[in-house]
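Step one of this worksheet: look at the structure below.
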Amino acid sequence: MKKKIKNNVFWVGKVDWELRKFHGDELSTHKGSTYNSYLIQEKKTVLIDTVWIPFSEEFVENLAKEIELSEIDYIVVNHGEVDHSGALPALMKYIPDTPIYCTENAVKSLRGQYHQDWNFNVVKTGDKLDIGNGKELIFVEMTMLHWPDSMATYLTEDNILFSNDAFGQHYAIEELYNDLVDQCDLFNESIKYYANILTPFSAILRKKLDEIISLNLPIDMIATSHGVIWRDNPMQIVEKYSEWANDYQENQITIIYDTMWNGTKKLAEKIAEGINLADPDVVVKIGSLAKSDYNDLITEVFKSKTVVIGSPTIGNNILHSVASFVHFIKIMKFKGKKAAGFGCYGWSGESVKIINGLMEDAGFEIIGEGLRSLWNPDTDAQKAAIDYGKKIAVS
Ligand code: FEO
């Protein structure tokens, strides 16, 4: 059922309460998600984005209950990824000649995914589309936010920015608006979304935010493609993005480890104790790679000024869980953070040196040589871990 969001603009998307993994199994979505699609019914009828493939038939059926599909004059595809363009093949069966407005890169992604030669109309930043009744759509390319094909669309007079993925969250809600949902959940899902999806593009985002601000467009609503529509102080999320895009960190140190026989786990706990003793104000968190969600841990890394990584030595190397997570950290291209390694060993003991090398390669400033501990940490080794934590706290 369509829901009015302002004047002749309606939400026609899908709330997916069951979604727990996204991008295949790469991203955890503990609170589901939404695929927001919008219908503008001015002199011209415009559909902005659709929904994910599994909901395509349902989407087209619901849309057909609201309007004659043939009444759709224009389709705007802000981004070609399947969670937004997925219903196009089902929809275009009914209206195959309807013009699709999108970026040049979106034509590539849509053709590449659906192998259809639809009526594409390429747009660039600043291009306008008259939709009647004195209103226009203005297109803004959002290249690499987060795909090369991404763009946003601005509706004049109603002052709505349809931002697609930018400013979204994976957060299933029926209430639609940012002021009606749990603010703590909203913030947590927004920062997790930024940390896991947008961090690698922070430098591009900084420029794009300046560009959007310099366009001087009044923005009453930011209608994202996932989660809430920002209607109460919509610029609050733009300001947050500006903060997050500038090498964000809080006064937090996060210790992330895996362990075989709990020796490295014991070191993690003693290092945390040492950090807290040296600086009771710093937030210290410990995350076990065997027990924690990787995307939640990446969010903690995003918030941290220092990350302490631990692995025992196995096969002259580190545990594959630790190697996998450090690889994940490298992909995120974090800037301005420090790292330190630690781990137990029984024989050769290469893990700490390997961790430090990998974290340096991931762009982190390494604190010291790291902490190696032979066999299971005894009282002296535990004291050394406390001292190591103290050193990390003041580094
Ligand atoms: Fe929500 Fe990039 O798709």
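Numbering of ligands and ligand atoms starts at 1, following listing order. Quick caveat: nothing in here was measured; it's all calculated off a predicted structure.
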Query raised in the report: Just by distance, with hydrogens left out, do Tyr177 and Asp232 show a side-chain donor and acceptor under 3.5 Å apart?
Result: no
Query raised in the report: In His146, what N, O or S atom is nearest to atom 2 (Fe) of ligand 1, if we give its atom name?
Result: NE2
Requested in this report: Could you verify whether a donor N or O on one side chain and an acceptor N or O on the other, from Tyr294 and Ser28, lie under 3.5 Å apart?
Outcome: no
Requested in this report: For the pair Glu58 and Lys14, find out whether any cationic side-chain nitrogen is under 4.0 Å from an anionic carboxylate oxygen.
Outcome: yes
Query - Donor-acceptor side-chain pairing of His23 and Glu81 below 3.5 angstrom - result: yes
**Report entry** Short side-chain donor-acceptor distance under 3.5 Å, Asp165 and His146
**Finding:** yes
Query raised in the report: With the threshold set at 4.0 Å, does a side-chain nitrogen-carboxylate oxygen contact exist between Lys330 and Asp361?
Result: yes
Report summary line: Counting only protein N, O or S atoms (no waters) closer than 2.8 Å to atom 1 (Fe) of ligand 1 gives 4
